[in-house]
Amino acid sequence: MKKIFWFFFFSVVVLFYSCAVLTKSQIKNINAFAVSAESYSNFPSEIIKKRADLVLEEKLIGSILLQPEQIKKSIVKAQENYLLQQQLADTLDLSLQLIQQYASLLRKLSSTGYVENLKNNTDDLNENLGDLVKIANAKLPNKIPPNVGNAITKVIFLIGDKLTKIKQAKALKEFIPIGDTLVKITVKNLVDALSADLPALLASDKEKFINTYTNNIFSNENRVNSTSMSQYLSALNDYDNLELLRQECIGAANKLSIAHSKLNSNIRSKSDIKEIFQETQDLIVSVKDLFKTFRKLSSGEQT
Amino acid sequence: MNKPKNYKNIFMNTEAINTLKQVREGINAIQIQLSDSTLTKKEKSLLGDVLLNLNDLEDIIINNILQDMVDKINSSNALLKKLISDMKASSDKIAKFSNTIKKISDTVGVLSHITAKAMSAGIL
């Protein structure tokens, strides 16, 4: 009878410990992916916002030769259009905000936050059980081993910790494959949208700026000075950087999709790669490049 | 303010880009005309009105292109929202489970504290 009990006891322990939890490297990779995805999501809408800045500047310059009342009207319309395009950029952000939320939930579901809550409790429990054992040993003839309180605390914590981690792994294994399909769809939509008409539009914007500046500033020698020439050069650099930002957004979006696919295939297996996946590293590099180009755009630096 | 959605489907986007090109050529031509110093005030005013109208048309075409772009990017939002909602629910369930274990630990702690007090007071 005793043998059967121990057989069942060990079977339960083996079954319990063989239940899949995430490896440390998987958690590390989920976090690395999530941080990069959250950072990336800020950039695509910046293309529309920065373009709106440049267009507003061009529209103001293009109003110089109008009559005073027409200038006022033109400024009001340029500003209205600027605000509308900022709103459009914010709505473009919606899908990327959802990707951000998804990444943030991946981090939450893989975090140790759930079990840390338990850890905080173990000290109190250990202390209370320790006191009880001391008092019982002082009163009872049969002594209880002094470390029994610590052992009970550990059992409660270990069961709680393990079961929580099993639940976390199960949730991630359920959601990441669904997320993979949706990340792929969102990235494809984003890449298609950024590749279709936008390059032609940005090229046309730059050409229009050159024409507007030539017609309104350079055609009048009184307006040509170091300030106007510097403004012209700075704007041309901004147009080039904007096109670069667009290309880098597409590149990084594709890398985001590839990195998520790697995460998806890895989460199904129990492989324990010590490092961050090459695919995620590529994504991190792409996001860093995006940040550099964005900074150039904000500061008016040359490419 | 222009409402780009009202102008949806007026242009296919390739047509929109070609139309935009023509409108911008028109804007360029008007700007060149406006810098002609021999023009009368009335002629300048008329050209200015044409320029403002072309600017409006340009804005409509561009906002239409951008709105199409936004719609395309956001077409999978409903599915993403559903996934996020499921993930939040799952996260809440795990947090609730963790809290249940915490409560068990609390209860055991309180019980042992009471038992210890009772034993030291000689009740047990």
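Chain identifiers are assigned alphabetically (A, B, ...) following the order of the sequence lines, protein sequences preceding nucleic acid strands; residue numbering begins at 1 within each chain.
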Give, for atom CG of A:Leu106 and atom OG of B:Ser91, the distance between the pair rounded to the nearest 0.5 Å.
-> 11.5 Å
Heavy-atom distances under 4.5 Å only: say whether B:Ile62 touches chain A with side chain, backbone, both or neither.
-> side chain
Among B:Lys72, B:Gln31, B:Lys21, the residue with the most heavy-atom pairs under 4.5 Å to chain A is B:Gln31
Mind checking the OG1-CG spacing from A:Thr214 to B:Asn28? Nearest 0.5 Å is all I need.
-> 8.5 Å
Would a 4.5 Å heavy-atom cut-off, applied to side chains only, mark B:Asp68 and A:Asp197 as touching?
-> no
Inter-residue atom distance A:Gln97.CD - B:Leu80.CG, 0.5 Å rounding | 12.0 Å
Verify, without hydrogens or angle tests, whether B:Asn74 (side chain) and A:Thr91 (backbone) share a donor-acceptor contact under 3.5 angstrom.
-> yes
Report yes if some heavy atom in the side chain of B:Lys81 is under 4.5 Å from a heavy atom in the side chain of A:Gln101; otherwise report no.
-> no
Chain B contact residues among residues 46-55 of chain A, heavy-atom distance under 4.5 Å = A:Ile48, A:Arg51
Identify which part of A:Asn220 has an atom lying under 4.5 Å from any heavy atom of chain B, answering side chain, backbone, both or neither.
-> neither
Given the rule in the side chain to side chain contact (heavy atoms under 4.5 Å, CB included) test, do A:Gln85 and B:Asn63 qualify, once you have shown the distances and angles that lead to the verdict?
-> CA-CA 7 Å; A:Gln85 296 200 350; B:Asn63 290 335; 2.9 Å; yes
Can you name the closest pair of heavy atoms from A:Phe175 and B:Ser90 and give their distance?
-> CE1-CB, 3.5 Å
Minimum heavy-atom distance B:Ile73-A:Leu190, with the two atoms named | CD1-CD1, 3.5 Å
Under 3.5 Å, which donor-acceptor pairs do the side chains of residues 61-78 of chain A form with other protein atoms, sequence neighbours left out?
unit_1: A:Ser63; atom_1: OG; unit_2: A:Lys59; atom_2: O; d: 2.8
unit_1: A:Ser63; atom_1: OG; unit_2: A:Ser74; atom_2: OG; d: 2.6
unit_1: A:Glu69; atom_1: OE2; unit_2: A:Lys72; atom_2: NZ; d: 3.1
unit_1: A:Gln70; atom_1: OE1; unit_2: A:Gln67; atom_2: N; d: 3.2
unit_1: A:Gln70; atom_1: NE2; unit_2: B:Ser45; atom_2: O; d: 2.7
unit_1: A:Gln70; atom_1: NE2; unit_2: B:Asp49; atom_2: OD1; d: 3.0
unit_1: A:Lys77; atom_1: NZ; unit_2: B:Asp56; atom_2: OD1; d: 3.0
unit_1: A:Lys77; atom_1: NZ; unit_2: B:Asp56; atom_2: OD2; d: 2.5

Select one option (side chain, backbone, both, neither) describing which atoms of B:Leu20 are under 4.5 Å from chain A's heavy atoms.
-> side chain
Out of B:Thr100, B:Val108, B:Asn77, which one racks up the most heavy-atom pairs below 4.5 Å with chain A?
-> B:Asn77
In terms of heavy-atom contacts, B:Ser35 and A:Asn215 come closest through CB-O, 4.2 Å
Considering only heavy atoms, which portion of A:Asn216 lies under 4.5 Å from any heavy atom of chain B: side chain, backbone, both, or neither?
-> side chain
Neighbour count >12 (heavy atoms, 6.0 Å) for atom NZ, A:Lys184 | yes
Below 4.5 Å from any heavy atom of chain A, which atoms of B:Leu47 appear? Answer side chain, backbone, both or neither.
-> neither
One should read off an interatomic distance between B:Leu79 CG and A:Ile185 CD1, to the nearest 0.5 angstrom, of 6.5 Å
Crowded around B:Glu43 CD? As in, over 12 foreign heavy atoms under 6.0 Å?
-> yes
Excluding sequence neighbours, so at least two apart, what forms salt bridge (Lys or Arg N to Asp or Glu O under 4.0 Å) with B:Arg24?
-> A:Asp205, B:Glu58
Decide side chain to side chain contact (heavy atoms under 4.5 Å, CB included) for A:Glu80 and B:Asp59; before the verdict, give the C-alpha distance in whole Å, the side-chain angles of both, and the deciding distance to 0.1 Å.
-> CA-CA 10 Å; A:Glu80 278 179 0; B:Asp59 289 344; over 6 Å; no
Would you tell me whether B:Ser76 and A:Thr186 have side-chain atoms, one donor and one acceptor, within less than 3.5 Å of each other?
-> yes
Which bit of B:Lys93 comes within less than 4.5 Å of chain A, counting heavy atoms only: side chain, backbone, both or neither?
-> neither
B:Asp86: salt bridge (Lys or Arg N to Asp or Glu O under 4.0 Å) partners, not counting sequence neighbours = B:Lys82
Please flag which part of B:Leu51 lies under 4.5 Å from any non-hydrogen atom of chain A: side chain, backbone, both or neither.
-> side chain
What one should report as the nearest heavy-atom pair of B:Val70 and A:Leu88 is CG2-O, 3.6 Å
Kindly compute the distance separating CG (A:Leu105) from CG (B:Leu83), expressed to the nearest 0.5 Å.
-> 8.5 Å
Quick one: CD on B:Gln67 to CG on A:Leu84, what's the gap to the nearest 0.5 Å?
-> 8.5 Å
Among A:Ser204, A:Ser95, A:Ala89, which residue forms the greatest number of heavy-atom pairs with chain B at distances under 4.5 Å?
-> A:Ser95
